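Reckoned from all heavy atoms, side chains included, excluding hydrogens, waters and symmetry mates. No experiment lies behind these values; they were computed from the predicted model shown.
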Amino acid sequence: WQLHAEQVRQHLGWHTYGTIEVKELTEWLFEEALQYDNPRGLLEAAIGHLRGMKVVRPGLTVLERLVMTTRVRAETHLGHLTDEQKKGLDTLIAPAGLGETTPLQFLKEPPSKASAKSLLTLLDKIERLRALGVETLDLSALNPNRRRAFAREAQRLFPIDLRRFKPAHRYALLVCLLSELLLATNDQAVETHEQLMQETDNRSRGRRNADVIKRGETLNTHVRLLHQIGQTLLNDAIKDSDLRPAIFKIVSRTKLAETVKECELLAQPDDYNYLAYLARSYNYIRQFGPRFLTTLTLRSTESSETLFKE
């Protein structure tokens, strides 16, 4: 039987499953495992690949073991981590003192209510994540679903649990989590900044409205006086020489001078709007504004346009 099978193999131009074929299949299967995390699917894909190469399939247990070991390699494939990066990752989950939290727990904490302090905390997190080199790590080789699954797993685990994993698996979990945290924290920082600026904008409008209400009675009195004076000036029955006496019958010279002085104090610039009241929030915005702009790199959605315009 074996002799007959060998003759059939040679006649059809098929190859035996030898060292070269094992190496080629392993490399091909590794690339597939980076993108797909389905053991049965990988096994079927391996069988199909061997068939396409005209290689006689080994026993299923042989291929199942290859799939299992390849999946383990793929799960922990992160490219090159420097010793400094590994040390930084281990520091995140290092045991803390009694009543203290680990750096990882700090990074995982959800943002608190929007405030200058909460925004500064988010910016601190972004800088700590960048210091670990999270932005420079290329995770494109890992399937997005696998990255998210690793991130979710690391999110629910305590530092003591992560310390029990083998280094390769531990680093894979941590890097995927930190990558997701950096993206989420960037979004949270932008949203918090937007909310703070919106609140500041609303306060500016409120100050303007309060000022208008406060000066409302005075403004109404002066507008009514202007209306009376305007009607007198537009009355063609009154001669030009009689206009001043007619106006001073409406309001005394002294009272008119006082009114003109008050109007000068009430008058606003030509470009007057609620933004003029924003200056009162200068010290508040200074608490987080400069740090926000230096920490985050803002780009226009249109590549041909600059983000800031004079």
Side-chain angles (χ1 to χ4, degrees), residues 109-127 183-235 238 243-244 246-310:
E109 287 177 356
S112 56
K113 182 180 178 181
S115 65
K117 182 179 179 181
S118 67
L119 178 53
L120 291 175
T121 298
L122 289 171
L123 297 178
D124 284 339
K125 291 181 179 181
I126 292 173
E127 291 180 347
L183 293 175
T185 308
N186 278 331
D187 290 342
Q188 292 163 359
V190 172
E191 292 170 2
T192 301
H193 181 269
E194 181 180 3
Q195 186 173 344
L196 295 181
M197 293 306 298
Q198 184 62 54
E199 292 174 355
T200 303
D201 179 276
N202 292 339
R203 283 196 295 271
S204 299
R205 294 175 186 270
R207 292 187 187 113
R208 178 200 58 184
N209 295 339
D211 276 359
V212 170
I213 293 173
K214 181 179 179 181
R215 298 177 299 177
E217 184 177 349
T218 302
L219 289 171
N220 184 60
T221 300
H222 294 347
V223 168
R224 291 172 63 85
L225 178 59
L226 175 62
H227 178 257
Q228 289 179 287
I229 294 175
Q231 285 185 319
T232 302
L233 290 172
L234 297 174
N235 189 345
I238 302 176
L243 277 177
R244 287 169 66 86
I247 290 173
F248 288 139
K249 284 184 180 179
I250 298 173
V251 57
S252 67
R253 184 185 185 91
T254 301
K255 182 62 177 177
L256 181 58
E258 292 176 354
T259 300
V260 170
K261 186 65 175 178
E262 286 183 354
C263 287
E264 182 180 350
L265 296 175
L266 292 172
Q268 299 294 333
D270 292 338
D271 60 351
Y272 169 71
N273 55 51
Y274 73 93
L275 292 177
Y277 294 83
L278 194 62
R280 302 184 190 179
S281 299
Y282 174 78
N283 290 333
Y284 174 70
I285 296 175
R286 284 283 298 176
Q287 294 179 37
F288 58 83
R291 176 91 178 278
F292 176 81
L293 293 175
T294 55
T295 301
L296 296 183
T297 301
L298 305 178
R299 300 183 182 89
S300 172
T301 54
E302 300 294 334
S303 59
S304 60
E305 296 183 3
T306 58
L307 185 61
F308 299 104
K309 296 183 179 180
E310 296 182 0

**Q** With Asn186 as reference, evaluate Ile126, Thr297, Thr295 under the side chain to side chain contact (heavy atoms under 4.5 Å, CB included) test and give the passing residue.
**A** Ile126
**Q** Could you tell me which residues satisfy side chain to side chain donor-acceptor pair (under 3.5 Å) with Thr232, sequence neighbours excluded, listed by chain and number?
**A** none
**Q** Could I get the full list of side chain to side chain donor-acceptor pair (under 3.5 Å) partners for Thr200, not counting sequence neighbours?
**A** Arg203
**Q** With the side chain counted from C-beta on, respond yes when Ser118 and Pro111 share a heavy-atom pair under 4.5 Å apart, and no when they do not.
**A** no
**Q** Can you tell me how far the OG1 atom of Thr221 sits from the CG atom of Leu226, to the nearest 0.5 Å?
**A** 12.5 Å
**Q** Can you name the side-chain contact (heavy atoms from CB on, under 4.5 Å) partners of Leu233, sequence neighbours left out?
**A** Ile229, Leu243, Ile247
**Q** How long is the straight-line distance from NE2 of His193 back to CG of Leu123, given to the nearest 0.5 Å?
**A** 9.0 Å
**Q** With sequence neighbours left out, write down each residue that passes side-chain contact (heavy atoms from CB on, under 4.5 Å) with Asn235, or none if nothing qualifies.
**A** Ala237, Ile238
**Q** Could you tell me whether the side chain of Gln287 reaches within less than 4.5 Å of the side chain of Lys117, counting heavy atoms only?
**A** no
**Q** Could I get the full list of ring pair (Phe, Tyr, Trp, His ring centres under 6.0 Å) partners for Tyr284, not counting sequence neighbours?
**A** Phe288
**Q** Applying side chain to side chain contact (heavy atoms under 4.5 Å, CB included) between Thr185 and each of Thr121, Val190, Leu122, report the one that passes.
**A** Leu122
**Q** Got a sec, which residues hit salt bridge (charged side-chain N to carboxylate O under 4.0 Å, His left out) with Arg280, two or more places apart in sequence or on another chain?
**A** Asp211
**Q** Taking side-chain contact (heavy atoms from CB on, under 4.5 Å) as the definition, give me every residue that meets it alongside Thr254, ordered by chain and number, with sequence neighbours left out.
**A** Ser252, Glu258
**Q** What pairs of residues pass the ring pair (Phe, Tyr, Trp, His ring centres under 6.0 Å) test when at least one of them lies in residues 203-230, not counting sequence neighbours?
**A** none
**Q** So do Leu256 and Phe248 actually touch side chain to side chain, heavy atoms under 4.5 Å?
**A** yes
**Q** For residues 190-201, pull every pair meeting salt bridge (Lys or Arg N to Asp or Glu O under 4.0 Å), keeping only residues two or more places apart or in separate chains.
**A** Asp201-Arg205
**Q** Given Gln195 and Thr192, is the side-chain contact (heavy atoms from CB on, under 4.5 Å) satisfied, shown in steps?
**A** CA-CA 5 Å; Gln195 186 173 344; Thr192 301; 5.6 Å; no
**Q** What salt bridge (Lys or Arg N to Asp or Glu O under 4.0 Å) pairs are there with at least one residue in residues 246-256, not counting sequence neighbours?
**A** none
**Q** Could you tell me whether the side chain of Arg208 reaches within less than 4.5 Å of the side chain of Ser204, counting heavy atoms only?
**A** no
**Q** Does Arg291 have any side chain to side chain donor-acceptor pair (under 3.5 Å) partners at least two apart in sequence or in another chain, and if so, which?
**A** Asp124, Glu127
**Q** Give me the atom names and distance for the closest heavy-atom approach of Leu296 to Ala189.
**A** CD1-CB, 4.2 Å
**Q** Would you please name every residue forming a side chain to side chain donor-acceptor pair (under 3.5 Å) with Thr259, sequence neighbours left out?
**A** none
**Q** Identify the heavy atoms of Ile285 and Met197 that sit nearest to each other, and give their distance.
**A** CD1-CE, 4.0 Å
